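Every value quoted in this text rests on a predicted model; they were computed, and no experiment measured them. The chains referred to below are lettered A, B, ... by the order of the sequence lines, with proteins before strands, and numbering in each begins at 1.
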Amino acid sequence: MDKGKSNEDYNFKAVEEKWRKFWEKEGIYKFDSKSRKEIFSIDTPPPTVSGKMHIGHAFSYSQQDFIVRFKRMKGFNVFYPFGTDDNGVPTERLVEKVKKVRARDMTREKFIKLCMDFLKQELPKLIQDWKNIGISSDFKLYYSTISDYARKISQWSFLDLYKKGRLERRDAPSMWCPECQTGISQVEAKDKEEESTFNHIVFKVNGKDIIIATTRPELLPACVAVFYNTIDENYKKYKGKKARVPLFNFQVPIMEDERADPDKGTGIVMCCTFGDQTDMEWQRAYQLEIKEAITRDGRMTELAGKYKGMKINDARKAMLDDLKKAGLLVKQEKIKHFVNVHERCGTEIEFVKSKQWFVRYLDLKKEMLEWGSKLKWHPAYMKYRYDNWVNGLQWDWLISRQRYFGVPFPIWYCNKCHNVILADEKELPVDPLKDNPKGKCGKCGHNWFEPEKDVLDTWFTSSMTPRLAIELVSKKLQEKLFPMDLRPQSHDIITFWLFNTVIKSQLHYKKNPFRDVAVSGFVTLEGEKMSKSKGNIIEPQVVMDKFGADALRFWAAGSKLGEDINYEEKDVVAGKRFVIKILNAARFVFMNLKGKIEKPKKLHELDRLLLARINHIIKEATKSFESYEYARCKNDAVNFFWSIFTDNYLELVKRRVYSGTKEEKESAFYTLYHSLFTILKLMAPFTPFITEEIYHKHFKNHEKEESIHHCSWPDEFKIKEEKGDEEKFDLLLDVISKVRHEKSKNKKSVKAEIILTLEKEKINKLKDIIQDLKDVVNAKEIKEGDFKVEFV
RNA sequence: GGUCCUGUAGUCUAAUGGCAGAACAUUUCCUUUACACGGAAAGAGCGAAGGUUCGAUUCCUUCCAGGACCACCA
């Protein structure tokens with residue numbers, strides 16, 4: 001074979017494309033519903049349709065795919081479906097951005113159609129990204145969370161929870177995003193540090209001034225009381241008196257409460273309806289008046305008088321101006337503080353009174369903790385995130401969204417008695433805006449209904465993924481698939497997806513939805529989390545284009561489960577180097593290896609030592625993989641391949657391969673074939689393309705499986721192992737290394753012929769492989785004595 | 001403020017109660033019949049202080065530095 005030809009030899013794009021097509025056409029990853037093999041089921045995360053696949057996806061999906069491929073080779077009938085989470089606010093926002101429209105400016109129907117058309121066009125492209133990185137899902141087991149199929153299951157979930165008494169419609173203040181114009185749940189609220197101003201404003205008490213500091217002067221018209229801390233002596237004298245609110249000239253009571261912080265601002269605080277959570281607590285505790293100053297689209301109400309209709313920020317400015325003019329603004333401090341924003345759009349959250357549906361679950365905290373502790377967490381400490389979240393829960397789950405593109409509520413309200421009319425389970429899915437309930441109101445007999453216009457929170461549907469997945473197969477099989485074996489996901493959505501899925505499953509079925517949880521980390525760049533706003537994004541498509549999917553996956557296997565990884569191109573380059581190296585190693589092996597491979601009557605000692613070493617690797621790698629520590633398996637396999645198999649064994653075996661006796665060759669061929677095959681199998685979960693390529697090129701003639709990915713995970717070789725094997729092999733490698741060192745020091749080629757002097761004891765130990773040593777270091781002879789290398 | 005994770009060569013990582021192993025970068029060498037997108041070799045490292053121990057990078061405590069999640073946010 002020509003030298004240096006490898007450059008052009010491996011066209012990874014063509015090769016990867018070829019095997020992708022082959023896998024799809026032959027259904028290599030098809031779930032076999034008739035198989036008797038034990039099932040291993042995965043609750044695959046359905047990617048949110050909010051753009052293209054990003055590097056974090058490539059990272060975490062690769063990691064779950066390693067596990068899946070391992071299990072498949074271990075003989076499990078793998079159930080690995082694929083879904084897309086394509087309803088709700090994320091998709092709406094994407095469509096709004098791409099199509100440059102706003103949902104509220106068009107009819108509901110038109111917007112929904114726009115979303116649907118968009119998905120039809122974009123989804124195949126999106127899913128292709130997952131196929132491109134070699135995800136071994138059965139893509140025929142597919143669900144979309146906006147499909148009728150998913151609507152049906154999601155609506156069923158609603159009905160079931162309703163019947164179980166877990167659903168409530170409340171007319172109460174709740175978190176509201178003025179930008180998206182919808183209620184949101186606690187989990188969607190995020191911190192954001194913003195610059196603001198602490199404004200010291202004068203309130204009058206019987207003509208005297210008291211100064212109140214606030215960041216939100218625009219809420220003055222909604223002021224309902226003023227509080228100071230119970231222990232604060234400075235303000236005690238005002239107890240029971242009334243304070244006059246500036247600009248608006250009405251009076252509010254002055255009260256004491258321990259929730260007021262004497263060290264903050266001036267130690268006295270105004271309480272406005274729905275300014276923040278404490279305000280709401282005070283409202284409830286003291287039955288304060290409710291004054292709504294802000295509308296649902298973030299403007300001032302008529303309460304604000306001349307400021308009515310202004311946007312929050314404009315009203316703030318205008319009122320501060322007026323206060324200043326009136327001499328009622330005595331001080332302004334610039335501060336940085338954290339505000340709650342909507343995680344999808346970054347807009348500051350308001351509290352707005354509105355009718356919303358809730359899943360009532362705050363009473364179940366104890367049970368939630370118990371459910372969480374019954375899961376097997378990998379790594380174990382990820383459970384703390386779940387516990388921490390449960391302990392901090394303060395709101396029931398707000399599930400109604402005043403949006404369009406989602407699963408509709410399967411309910412109507414009686415126009416006369418306001419009774420809730422549930423859809424018939426058999427009729428699901430329903431769209432109450434188009435469909436009518438069967439029959440009359442069960443309570444008053446009226447037959448005039450008002451549909452619920454809201455849609456369900458997207459997590460309400462995605463928390464049903466185990467159901468969405470298993471209902472794709474026959475009823476009979478479903479029992480075997482639930483609870484599922486594994487939930488793989490990244491740690492940032494433990495509080496979203498994982499938590500909600502557990503809750504739903506427990507409420508519906510009184511069972512955890514899965515047994516194991518494998519949590520992956522995320523990708524950083526120069527130590528920082530990647531994000532579009534920071535602009536430090538690496539696109540996996542670009543990386544794959546440059547280095548191939550195998551290389552990208554190789555990189556993804558470099559971090560242990562749960563650990564974040566810093567993206568560095570050199571690690572992907574290492575992956576590509578591995579691909580080329582193993583391709584060349586295979587070429588060497590099969591260049592010489594002809595005819596049938598048979599087990600030799602007697603295994604050459606060196607070969608036996610190599611296989612013993614492989615046995616060790618197999619044992620360790622399997623153990624690692626069983627506990628989802630794929631990174632260890634990959635490390636062990638690669639290290640063995642590179643530093644033992646190619647750097648040493650291939651060199652050691654050359655003489656026998658080129659010019660050995662029949663027996664010597666027989667043993668060498670057998671060992672070469674099977675050790676390479678083992679490496680191939682160990683690496684197949686990580687680099688599925690190149691291993692498939694080599695399998696088909698060289699092994700397929702000898703083996704019966706149609707794909708490397710159907711081959712069984714390697715078992716240890718049945719050879720006689722002895723106690724000193726490891727030590728003996730290491731000694732051999734050590735001597736070789738020492739000789740190479742001498743050659744390098746003397747600026748000689750590794751092939752330079754030498755006379756080697758070696759301690760008697762070592763020569764004795766290496767007795768039966770001394771010829772191999774002689775061959776590999778090109779020693780004319782080996783003498784007894786202190787270690788020495790002489791050049792001839 | 002609460003909870004958790006992480007500090008290992010210039011960079012990025014791995015393992016481990018007793019020689020800390022790779023990769024990239026640096027330097028030197030080798031045109032060798034699988035591979036120059038290669039091979040051989042060199043230098044270089046356990047955040048700080050205590051404690052447990054015959055022995056600590058590893059276990060414990062404190063501190064320092066990063067990061068994440070949660071809460072607060074007048």
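- Heavy atoms of A:D492 sit nowhere under 4.0 angstrom from any nucleic acid atom.
- Taking atom CG on A:D191 and atom P on B:rG67, their separation rounds to 15 Å, with Å as the unit.
- For A:I582 and B:rC37, the CD1 to C1' distance is 16 Å, given to the nearest whole Å.
- Proximity of the aromatic rings of A:Y286 and A:F227 is defined here by a centroid distance below 6.0 angstrom, and this criterion is met.
- Residue A:K190 places its NZ atom among more than 12 non-hydrogen atoms of other residues, nucleotides or ligands, all under 6.0 Å distant.
- An OP1 or OP2 oxygen of B:rG39 is reached within less than 4.0 angstrom by a side-chain nitrogen or oxygen of A:K581.
- Within 4.0 Å of A:F198, counting heavy atoms only, lie sugar-phosphate atoms of the nucleic acid but no base atom.
- At the heavy-atom level, A:T524 lies nowhere under 4.0 Å from the strands shown.
- Between A:K190 and the phosphate of B:rC70, there is a side-chain N or O to OP1/OP2 separation shorter than 4.0 Å.
- Every residue two or more places apart in sequence or in another chain that forms a side chain to side chain contact (heavy atoms under 4.5 Å, CB included) with A:E350 is listed here: A:P178, A:R216, A:I294, A:I312, A:V352.
- At a threshold of 4.0 angstrom between heavy atoms, the contacts of A:E629 with the nucleic acid are absent.
- Residue A:L650 contributes atom CG, which lies 12 Å from atom P of B:rA40 at whole-angstrom precision.
- Rounded to a whole angstrom, the distance from the P atom of B:rA14 to that of B:rG51 is 31 Å.
- Proximity of the aromatic rings of A:Y567 and A:F522 is defined here by a centroid distance below 6.0 angstrom, and this criterion is not met.
- Residues satisfying the side chain to side chain contact (heavy atoms under 4.5 Å, CB included) criterion with A:Y673, sequence neighbours excluded, are A:F590, A:L593, A:I597, A:F677, A:F699, A:H702, A:E703.
- For A:F689 and A:F547, the gap between ring centers reaches or exceeds 6.0 Å.
- Nucleic acid contact for A:S737: sugar-phosphate only, since backbone atoms but no base atoms lie under 4.0 Å from a heavy atom of the residue.
- In this structure, A:W555 atom CH2 and B:rA14 atom P are separated by 14 Å, rounded to whole Å.
- With sequence neighbours left out, the side chain to side chain donor-acceptor pair (under 3.5 Å) criterion links A:K654 to A:E651.
- Residue contacts for A:A260: at a heavy-atom cut-off of 4.0 Å it reaches a base atom on one of the strands shown.
- In this structure, the ring of A:F351 has its center no less than 6.0 angstrom from the ring center of A:W176.
- With P as the reference atom, B:rU6 and B:rG45 are 24 Å apart, rounded to whole Å.
- The same atom, C1', is picked in B:rA9 and in B:rA42; the two are 14 Å apart, to the nearest Å.
- To the nearest whole angstrom, the two P atoms, one in B:rU62 and one in B:rU3, are 11 Å apart.
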Donor-acceptor list for residues 331-340 of chain A side chains, cut-off 3.5 Å, not counting sequence neighbours:
| unit_1 | atom_1 | unit_2 | atom_2 | d |
| --- | --- | --- | --- | --- |
| A:Q332 | NE2 | A:N199 | OD1 | 2.7 |
| A:E333 | OE2 | A:H200 | NE2 | 2.8 |

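- Here the two rings, on A:F686 and A:F554, have centers that are 6.0 Å apart or farther.
- Under the side chain to side chain donor-acceptor pair (under 3.5 Å) criterion, A:T622 pairs with A:W713, sequence neighbours left out.
- Comparing the same atom, C1', in B:rU58 and in B:rC46 gives a spacing of 10 Å after rounding to whole Å.
- Close to B:rC70, at under 4.0 Å from its OP1 or OP2, lies no side-chain N or O of A:Q394.
- At the phosphate of B:rA40, neither OP1 nor OP2 sits under 4.0 Å from any side-chain N or O atom of A:H741.
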Expected rows: protein N/O vs nucleotides 16-19 of chain B N/O, under 3.5 Å:
| unit_1 | atom_1 | unit_2 | atom_2 | d |
| --- | --- | --- | --- | --- |
| B:rU16 | OP1 | A:R632 | NH2 | 3.4 |

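- Under the side chain to side chain contact (heavy atoms under 4.5 Å, CB included) criterion, A:I754 pairs with A:V739, A:K743, A:L756, A:V777, A:A779, A:V789, A:F791, sequence neighbours left out.
- Residue A:W642 places none of its side-chain N or O atoms closer than 4.0 Å to OP1 or OP2 of B:rA23.
- Atom NZ of A:K365 has more than 12 neighbouring heavy atoms from other residues, nucleotides or ligands inside a 6.0 Å radius.
- The residue A:N746 sits apart from the nucleic acid: no heavy atom pair falls under 4.0 Å.
- A cation-pi contact links A:R487 to A:W497, judged by a cut-off of 6.0 Å to the six-membered ring centre and 45° from its axis.
- Straight-line distance between the P atoms of B:rG17 and B:rC59: roughly 9 Å, to the nearest whole Å.
- If A:N635 and A:K576 are placed on RNA chain B by their nearest nucleotide, the residue sitting closer to the 5' end is A:N635.
- Take A:D387 and apply the salt bridge (charged side-chain N to carboxylate O under 4.0 Å, His left out) test, not counting sequence neighbours, and it matches A:K383.
- The residue A:D261 sits close to a base: some heavy atom pair falls under 4.0 Å.
- One interatomic measurement links the two molecules: CD of A:E568 to P of B:rA14, which rounds to 13 Å at whole-angstrom precision.
- Closest to the side chain of A:Q186, out of B:rU13, B:rA71, B:rC35, is B:rA71.
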Could you pull out the protein-nucleic contacts involving nucleotides 24-27 of chain B (nitrogen or oxygen on both sides, under 3.5 Å)?
| unit_1 | atom_1 | unit_2 | atom_2 | d |
| --- | --- | --- | --- | --- |
| B:rC24 | OP1 | A:R577 | NH1 | 2.3 |

Protein-nucleic acid N or O pairs under 3.5 Å, nucleotides 1-6 of chain B:
| unit_1 | atom_1 | unit_2 | atom_2 | d |
| --- | --- | --- | --- | --- |
| B:rG2 | N2 | A:N388 | ND2 | 2.6 |

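- RNA chain B contains the following stems of three or more consecutive Watson-Crick or G-U pairs, with both distances under 3.5 Å: B:1-7 with B:64-70, B:26-30 with B:38-42, B:47-51 with B:59-63.
- Phosphate contact (OP1/OP2 of B:rU31, side-chain N/O of A:K751, threshold under 4.0 Å): absent.
- Every residue meeting the side chain to side chain contact (heavy atoms under 4.5 Å, CB included) condition with A:R655, not counting sequence neighbours, appears here in chain and number order: A:S659, A:E664, A:Q771, A:D775.
- Distance check on atom C1': B:rC37 versus B:rG43 gives 26 Å, rounded to whole Å.
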